[in-house]
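For reference, the structure discussed in these notes is given below.
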Amino acid sequence: MLDTLYNFFIFPISEYEFMQKAIVSLLILSLISPITGIFLVLRKLSLSGDAISHAILPGAAIGFLLFGLSVFAITICSLIAGIIVIASSAIFSRISKNPEDSSLAVFYLLSLALGVLIISISGSNLDLLHFLFGSIFAITDEILITLATITIFCLFVLAIIIRPLIIDSMDPLFLTSVSKAGPFVHLAFMVITVMNLVASFQAIGTLMAVGLMIIPATIAKFWSYKLNIIILIAIIVTMISVYIGVLLSFHFNYPSSPCIILILVFWYLVSFIFGINNGVIWNFIKTKHLEA
Amino acid sequence: MIHFNNLTLGYNKHPIVHHLNAHIPPGDSVAVIGPNGGGKSTLLKGIASLIKPLDGSIDISVPKNKIAYLPQISSIDHNFPISTYELIALGLWHKKGWFKKYTKNDHMAIKSAIEQVELQGMAQQPLCALSGGQIQRALFARLILQDANLILLDEPFNAIDYKTNEALLNIINLWKRQNRTIITVLHNYSQVKSYFDKTLIIAREIIEFDKTEKVLTQENLNKAFSISLSPDENANVCNR
C-alpha cells in the first residue's frame with residue numbers, strides 16, 4: 001500500500017528532473033493565480049481574465065516570429081501586448097464613459113485579429129496549440145526563472161496595493177470620495193493580471209492559465225466569508241490540484257493542463273454540493289431553526 | 001467653508017444645478033430639499049468633487065480627506081467577504097492610508113463608533129448578514145470614524161425604521177454640537193425643521209436659502225415643485 005502511494009506520488013518527482021521543474025513551476029503559479037482570480041471574481045471581471053488571456057496571445061506569436069523560441073522575447077512581447085490592450089480599454093472607457101468590459105472586448109478582439117493576420121501573412125506554421133495548452137513537461141530553467149521572477153514581482157505589488165484594492169472592489173464610491181488611488185489601483189491590478197497570465201502561459205498555456213485563477217476563487221467562496229481564509233483555501237486547493245493533476249498526466253500519459261483543470265472542477269463540484277456557504281446539500285437537509 | 005460661484009453642474013451639457021451662488025459658513029447644518037431631479041444629489045456630488053462643474057466653481061476650505069460623503073445609493077457589494085467591523089474600520093482611511101497598522105486606540109475608536117450605532121452584536125458578521133437599515137447604521141459608524149469637518153449625506157434615512165432614524169438623527173445632533181458642517185438631502189420636513197438650522201430649496205436653481213423657519217413656506221415649496229426639470233433637447237446655448 002505504502003509502496004503504491006510512494007510510487008504514485010513521490011517517485012516520479014524524486015526521479016525525474018522534468019517532473020521537479022513541472023511541479024515547482026506549478027506550485028509557484030499556485031501562489032499568485034488564485035489571488036488574482038479572487039479579485040477578478042470579486043470585481044466581477046472573471047470573463048475579462050479570459051479576454052486578457054486572448055489579448056496576450058498575439059504578443060507571444062509576434063515575439064516568436066521576430067526572435068524565435070526565446071523565452072525572454074516571448075515574455076516581453078506578450079506583456080507589451082497585454083498592457084497595451086488593458087491600458088487602451090481603460091483609457092477609452094474613461095473618455096467615452098462606456099463600461100470597461102465592452103471596450104476590453106473591442107481591444108482584445110483587435111489584438112487577436114492582428115495576431116492571426118500577422119501569423120498568416122508571415123506564413124509560419126507556428127504551433128498554436130503550444131500557446132493554448134502549454135507544455136508543462138518541457139519547462140526549461142529559463143522559463144522557471146522568468147515565472148518565479150514575475151510571481152515575486154506580482155506578489156510584491158499586490159502587497160502594496162492590497163488595502164485600496166479591497167476597498168475599490170467592495171465600495172468603489174467610498175474610495176473615490178476619500179482618495180485618488182482608485183484608477184491607479186485598478187490599473188495596477190490589471191497589470192498584475194496580465195503578468196500572471198504571461199507567467200502561466202508558457203507552463204500551462206493561456207486557456208488553462210485562466211482556469212488556475214478563476215476556479216480556485218469560486219471554490220474558496222463556498223467555504224468562508226473571510227477574505228484571508230478564502231485566499232488561503234484557494235491557494236491550498238490549487239496546490240493540491242496541480243500536484244495530483246500533473247501526476248495523473250505523468251502516469252496515464254494524459255495531457256497535463258486538462259488533468260489539472262479537471263481536478264479543480266472536481267473540487268468545485270464537491271464545494272458546490274457540500275460548501276458551508278450556499279452548498280446545495282443544505283437545501284435538502286432539513287434542520288431545525290435556532291431561537292435567535 | 002463653501003462658496004458656490006456661479007456654479008453650474010450637469011450631464012451632457014444639460015444643467016442640473018444652474019448658476020448657483022451661495023455661501024455656507026463652517027458649523028452650519030443645512031438641509032437640501034426640492035423635487036426629484038432638482039439637482040440635490042448632483043450638488044452633493046459636486047461638493048464631494050465626484051463631478052466637475054460645467055461652469056463656475058466651488059471653493060471649499062477643507063482638505064479632501066476631511067470631507068465625508070454618504071451617497072444616496074451606496075456602491076457597496078453586499079456579498080463581499082468582509083465583516084461589519086472591517087467595513088466600519090475603513091472610516092480610519094484618512095489616518096491609516098495604504099500601510100499603517102491599526103493600533104489599540106484605533107480599535108477602541110472603532111468599538112465606540114459601533115456602540116454609537118448600536119451594532120455591537122453584528123460586528124463580526126459578514127456584510128451579507130446585515131439588513132438595509134443595519135448597513136446604513138454601519139455606514140454612519142464609518143462616517144463617525146472619518147472625523148470629517150464637512151459631512152455630506154444624501155437621503156440617509158430612506159427605508160429606515162423609526163428607531164434607527166432617531167439613532168442616526170442623534171448622531172447628526174452630536175456632529176452639530178461638535179461644530180461640524182453638515183449638508184443633508186432629505187424629504188421629511190418635520191425633520192428638517194427640528195434638526196437643521198438652514199434650508200436650501202433647489203429646483204435646478206436656488207428657490208430660497210436661509211434660516212429654515214424662513215425658507216420652509218408653502219409658497220416656496222409650491223414654487224419648487226412647479227418647475228419643469230426635464231432637459232430640453234432643443235435648448236439654446238446658455239449665455240448667462
Side-chain angles (χ1 to χ4, degrees), chain A residues 35 37-45 94-97 156-186 188 217-234 275-278 290 292, chain B residues 11-12 44-45 47-51 63-102 121 124-130 135 138-139 142-143 145-148 150-152 154:
Chain A
I35 308 183
I38 285 166
F39 279 103
L40 281 174
V41 169
L42 289 174
R43 296 169 77 79
K44 318 255 181 308
L45 291 171
R94 284 204 140 236
I95 293 173
S96 69
K97 296 198 175 86
F156 183 70
V157 176
L158 259 177
I160 293 174
I161 65 166
I162 188 90
R163 199 181 276 176
L165 180 64
I166 290 173
I167 306 179
D168 194 47
S169 313
M170 183 198 61
D171 190 354
L173 213 51
F174 175 70
L175 188 65
T176 321
S177 77
V178 294
S179 150
K180 289 194 171 73
F184 168 77
V185 165
H186 174 69
T218 25
I219 292 172
K221 279 188 86 184
F222 278 106
W223 297 100
S224 178
Y225 284 122
K226 291 207 166 107
L227 188 56
N228 44 2
I229 309 270
I230 289 180
I231 290 177
L232 200 67
I233 293 176
I276 39 183
N277 296 340
N278 308 320
L290 307 173
Chain B
Y11 310 96
N12 298 326
L44 285 204
K45 280 182 201 157
I47 301 171
S49 61
L50 296 175
I51 51 173
K64 193 175 157 79
N65 62 8
K66 283 287 171 188
I67 302 176
Y69 168 64
L70 182 69
Q72 182 177 11
I73 299 166
S74 88
S75 63
I76 287 189
D77 174 1
H78 292 225
N79 287 316
F80 198 89
I82 189 172
S83 71
T84 311
Y85 188 93
E86 290 167 305
L87 169 74
I88 293 170
L90 295 182
L92 290 175
W93 168 269
H94 65 284
K95 271 188 181 168
K96 302 281 116 186
W98 290 40
F99 302 115
K100 286 201 200 91
K101 271 192 140 178
Y102 286 83
Q124 293 313 319
Q125 296 289 322
L127 277 198
C128 58
L130 298 192
I135 292 254
L139 293 180
R142 188 170 76 178
L143 287 171
L145 290 175
Q146 279 185 264
D147 191 27
L150 173 58
I151 300 167
L152 311 166
D154 198 347

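As the structure is a computational prediction, the values presented were derived from the model and not from experiment. Each chain gets a letter, A, B and so on, in the order the sequences are listed, and its residues count up from 1.
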I'd like to check [X] versus [Y] (side-chain heavy atoms, cut-off strictly below 4.5 Å). Are they in contact?
X: I135(B); Y: L139(B); result: yes
X: V185(A); Y: W98(B); result: yes
X: Q72(B); Y: L44(B); result: no
X: D171(A); Y: L173(A); result: yes

Of the backbone (N, CA, C, O) and the side chain (C-beta and beyond), which part of [X] lies under 4.5 Å from a heavy atom of chain A, both, or neither?
X: K96(B); value: both
X: W93(B); value: side chain
X: I73(B); value: backbone
X: L70(B); value: neither

If you count heavy-atom pairs under 4.5 Å between each of [options] and chain B, which one has the most?
options: K44(A), M170(A), K221(A); value: M170(A)
options: L42(A), N277(A), I162(A), N228(A); value: L42(A)
options: P172(A), P164(A), A181(A); value: P164(A)

**Report entry** All side chain to side chain contact (heavy atoms under 4.5 Å, CB included) counterparts of I229(A), not counting sequence neighbours
**Finding:** S224(A), K226(A), I233(A)

Query raised in the report: Which residue pairs pass the salt bridge (Lys or Arg N to Asp or Glu O under 4.0 Å) test with at least one member in residues 81-90 of chain B, sequence neighbours excluded?
Result: none

Query - Crowding at NZ, K95(B) (>12 non-hydrogen neighbours, <6.0 Å) - result: no

Query raised in the report: Picking from I67(B), I82(B), N79(B), which has the most non-hydrogen pairs under 4.5 angstrom with chain A?
Result: I82(B)

**Report entry** chain A interface, residue from L50(B), L90(B), N65(B) that has the most non-hydrogen pairs under 4.5 Å
**Finding:** L90(B)

